[in-house]
Novice: 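Below is the structure I would like to discuss, written out as structure tokens.
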2 protein chains.
Amino acid sequence: MTEGEPPLGLRERKKRETRAKLVKIAIRLAAERGLENVTVDDIAAEAGVSARTFFNYFPAKEDVILHADPDPIGQTRRIAAALLAAPAGLSPVRAVAHAMRPYIDEVDDDRDQWLARITIIERDPALMVRMFATHKESERILVDAVAERTGLDASGDFYPMLLFKVVGGAMQAATQRWHELGGSVRLAELFDAAIETIAAGLPVPVGTAVLEGKT
Amino acid sequence: MTEGEPPLGLRERKKRETRAKLVKIAIRLAAERGLENVTVDDIAAEAGVSARTFFNYFPAKEDVILHADPDPIGQTRRIAAALLAAPAGLSPVRAVAHAMRPYIDEVDDDRDQWLARITIIERDPALMVRMFATHKESERILVDAVAERTGLDASGDFYPMLLFKVVGGAMQAATQRWHELGGSVRLAELFDAAIETIAAGLPVPVGTAVLEGKT
DNA sequence: TGAAAGTTTGCAGGCTCTGCAAGATCCTCG
DNA sequence: CGAGGATCTTGCAGAGCCTGCAAACTTTCA
């Protein structure tokens with residue numbers, strides 16, 4: 001799946017190093033004072049490159065915080081493929097959740113990095129905006145996949161888009177709650193709970209540990 | 001409900017006029033060439049005011065397109081109140097939908113303005129999210145209201161936030177589809193269909209006119 | 001080793017947005 | 001009606017983001 005770790009020359013190594021350094025510094029500074037109080041110059045200077053170079057790596061300042069994944073489209077395609085490959089018995093909602101699972105696990109595995117990121121994002125709405133702005137293309141791919149799996153028409157039917165947006169909402173809610181809990185439970189657990197609640201038609205919860213307080 | 005239409009001096013009249021002119025011009029220009037190809041100077045010049053004045057009316061360029069409502073917090077509070085006042089028999093999802101209903105009807109009543117707005121927003125996705133991922137403040141108010149209605153704890157329980165985000169997703173999906181259909185059906189109808197589907201646990205649709213294609 | 005390919009950087013410049021202070025306009029009250 | 005005060009508008013300066021462009025530099029590869 002992961003494409004390559006072949007030769008990997010000096011040039012490529014340096015680039016990754018610089019990129020990683022920019023991300024790391026940016027996250028640290030933004031965690032300290034909020035992204036809006038950190039200029040591109042600050043980040044670039046501390047990384048020992050020019051501000052112009054910063055923009056060779058990231059199209060916008062916000063992306064240094066958000067854009068951990070260098071290839072979001074590829075990731076989306078993989079989710080779409082997983083969706084189509086999911087067990088036939090799964091309902092659409094559960095199938096989508098199942099397809100997203102590996103990426104949610106990744107968040108749990110990189111817990112601290114993600115918690116830091118989310119803290120920064122919560123503090124600066126501009127990041128929230130940019131986070132979803134990129135996703136036009138991804139959205140289409142996933143909606144198409146849902147349509148294919150359900151035998152509906154991506155552009156003519158409402159259902160695929162609705163499902164996509166609803167699961168997106170669940171994802172957001174789970175992420176936010178996870179952050180509130182300081183990552184003390186797995187994101188996957190919260191997400192699963194959200195999906196089950198949705199699959200049940202969002203009834204008022206009664207005695208569900210994860211949905212209610214820690215108890 | 002609408003607070004006042006008392007005296008209304010010249011000054012206030014002029015301000016509203018300027019504001020309205022800016023909005024109108026901005027929407028027209030953005031519809032023609034996309035918001036990113038319209039500068040604040042363009043808008044201000046055509047409205048006969050300085051660019052500096054533009055920023056006295058709108059905190060950011062995007063707000064001239066989105067910020068139709070001068071008091072989003074007040075509107076949010078009204079939705080929250082309506083949520084608590086909704087018939088006791090309604091399930092949480094339906095109660096929220098019920099509370100939002102008046103504002104959805106407003107969109108239908110101002111159909112063309114909104115279609116134009118959404119066209120612009122669709123072309124510049126950053127605006128889409130900003131539209132719903134409104135202010136943290138609004139979110140808190142609504143989540144609190146959901147918590148109160150369901151007898152849960154807004155900060156300790158997951159359910160209120162989840163419900164809020166899911167309904168937000170439904171709203172987005174409905175809006176997008178409404179725009180695709182060129183407003184040929186009422187947004188309210190699409191929204192209701194979305195809510196019913198969610199209340200049913202998002203089953204694959206069968207023979208539902210609104211959810212499937214026009215047939 | 002030397003050309004080809006890829007990177008970094010400074011520079012110029014466009015654009016968004018903010019504070020500030022001067023000037024124009026409206027409103028209120030005597 | 002005519003101050004005097006309140007409110008708006010505007011120009012200006014300046015910080016910041018971001019983009020081409022071309023020169024200088026580094027890595028790669030034949």
Side-chain angles (χ1 to χ4, degrees), chain A residues 4-23 25-26 29-30 32-67 70 120-121 123-131 133-134, chain B residues 4 6-23 25-26 29-30 33-67 70 120 123-127 130:
Chain A
E5 30 57 14
L8 198 52
L10 170 61
R11 172 167 274 151
E12 190 62 19
R13 219 181 315 135
K14 268 189 166 180
K15 275 181 68 178
R16 294 195 189 188
E17 204 173 285
T18 300
R19 187 190 182 86
K21 197 189 284 183
L22 287 171
V23 169
I25 291 172
L29 293 181
E32 283 170 11
R33 13 174 174 144
L35 219 216
E36 60 186 347
N37 297 314
V38 178
T39 69
V40 170
D41 279 307
D42 292 339
I43 303 169
E46 195 156 328
V49 299
S50 72
R52 187 64 185 80
T53 294
F54 177 95
F55 288 107
N56 286 341
Y57 283 91
F58 305 96
K61 179 184 155 186
E62 287 80 23
D63 292 322
V64 74
I65 302 293
L66 298 177
H67 206 304
I120 296 167
I121 292 171
R123 212 188 311 176
D124 188 348
L127 288 169
M128 204 53 172
V129 171
R130 186 142 197 121
M131 199 168 177
T134 324
Chain B
L8 196 53
L10 171 61
R11 171 169 266 144
E12 189 62 20
R13 218 181 316 135
K14 268 191 165 179
K15 275 181 68 179
R16 295 197 189 186
E17 205 173 285
T18 301
R19 188 191 181 86
K21 199 190 283 185
L22 286 171
V23 169
I25 291 172
L29 293 180
R33 17 177 171 138
L35 221 216
E36 60 187 345
N37 297 314
V38 178
T39 69
V40 169
D41 278 308
D42 292 340
I43 303 169
E46 195 157 328
V49 299
S50 73
R52 188 63 186 78
T53 294
F54 177 94
F55 287 108
N56 286 340
Y57 283 91
F58 306 95
K61 180 182 157 189
E62 287 81 25
D63 292 324
V64 73
I65 303 294
L66 296 178
H67 204 302
I120 296 167
R123 215 187 307 176
D124 203 337
L127 299 180
R130 191 161 186 158

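Within every chain, numbering begins at 1; the chains are lettered A, B, ... in the order of the sequence lines, protein sequences first and strands thereafter.
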Novice: Specify the residue among Glu12(B) and Val40(B) whose closest nucleotide of DNA chain C lies further upstream toward the 5′ end.
Specialist: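 That would be Val40(B).
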Novice: Please give, in whole Å, the distance from dG16(D) C1' to Leu29(A) CG?
Specialist: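 Spelled out: CG on Leu29(A) to C1' on dG16(D) is 16 Å.
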Novice: So, is Thr53(A) close to the dT9(C) phosphate, meaning a side-chain N or O under 4.0 Å from OP1 or OP2?
Specialist: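 Yes, because at least one side-chain N or O of Thr53(A) sits under 4.0 Å from OP1 or OP2 of dT9(C).
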Novice: Indicate yes or no: at least one non-hydrogen side-chain atom of Leu29(A) is less than 4.5 angstrom from one of Glu46(A).
Specialist: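 Sidechains of Glu46(A) and Leu29(A): in contact.
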Novice: Heavy atoms only, 4.0 Å cut-off, all strands: where does Tyr57(A) land among base, sugar-phosphate and nothing?
Specialist: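 Tyr57(A): backbone/sugar contact only, no base atoms under 4.0 Å.
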Novice: What I want to find out is whether Asp42(B) reaches Arg33(B) closely enough, with some N-O distance under 4.0 Å, to be called a salt bridge.
Specialist: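 Salt bridge between Asp42(B) and Arg33(B), a charged N being under 4.0 Å from a carboxylate O: yes.
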Novice: Expressed as a whole number of angstroms, how long is the span from Lys15(A):NZ to dG6(C):P?
Specialist: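 Roughly 10 Å, once rounded to whole Å.
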Novice: Using whole Å, report how far CZ of Phe58(B) lies from C1' of dC15(C).
Specialist: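 Computing the Phe58(B):CZ to dC15(C):C1' distance gives 19 Å.
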Novice: Nearest whole Å is fine: how far is dA12(C) C1' from Phe55(A) CZ?
Specialist: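 Atom CZ in Phe55(A) sits about 15 Å away from atom C1' in dA12(C).
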Novice: To the nearest Å, give me how far apart CG (Asp42(B)) and C1' (dT16(C)) are.
Specialist: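 Those two atoms, CG and C1', are 13 Å apart.
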Novice: Determine the minimum heavy-atom distance between Arg19(B) and Tyr57(B), stating which atoms define it.
Specialist: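 Scanning both residues completely, I find the closest heavy atoms to be NH1-O, 3.7 Å.
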Novice: Under the 3.5 Å rule, do the base of dT7(D) and the side chain of Arg11(B) count as making a donor-acceptor pair?
Specialist: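 Yes, a donor-acceptor pair under 3.5 Å.
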Novice: Can you measure Asn56(A) atom CG to dG10(C) atom P for me and round it to whole angstrom units?
Specialist: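 Those two atoms, CG and P, are 12 Å apart.
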Novice: Take Lys14(B) and Val38(B), find for each the nucleotide of DNA chain C with the closest heavy atom, and name the residue whose nucleotide sits nearer the 5' end.
Specialist: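 Checking each residue's closest nucleotide, the 5'-ward one belongs to Val38(B).
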Novice: What's the NZ-P distance between Lys21(A) and dT8(C), to the nearest Å?
Specialist: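 Value for this atom pair: 12 Å.
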Novice: Does Lys21(A) come within less than 4.0 Å of Glu17(A), counting only side-chain N to carboxylate O?
Specialist: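 The answer is no: the pair does not qualify as a salt bridge.
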Novice: Given atom CD of Glu62(A) and atom P of dT16(C), what is their separation to the nearest angstrom?
Specialist: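 Going from CD in Glu62(A) over to P in dT16(C) covers 16 Å.
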Novice: Do Leu22(B) and Val49(B) come close enough that some side-chain heavy atom pair is under 4.5 Å?
Specialist: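 A side-chain contact exists here, since the closest heavy-atom pair is under 4.5 Å.
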Novice: For Asp41(A) and Arg52(A), find the nucleotide of DNA chain D closest to each by heavy atoms; which residue's nucleotide sits nearer the 5' end?
Specialist: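 So the residue in question is Asp41(A).
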Novice: Heavy atoms only, 4.0 Å cut-off, all strands: where does Ala51(A) land among base, sugar-phosphate and nothing?
Specialist: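 It contacts nothing in the nucleic acid.
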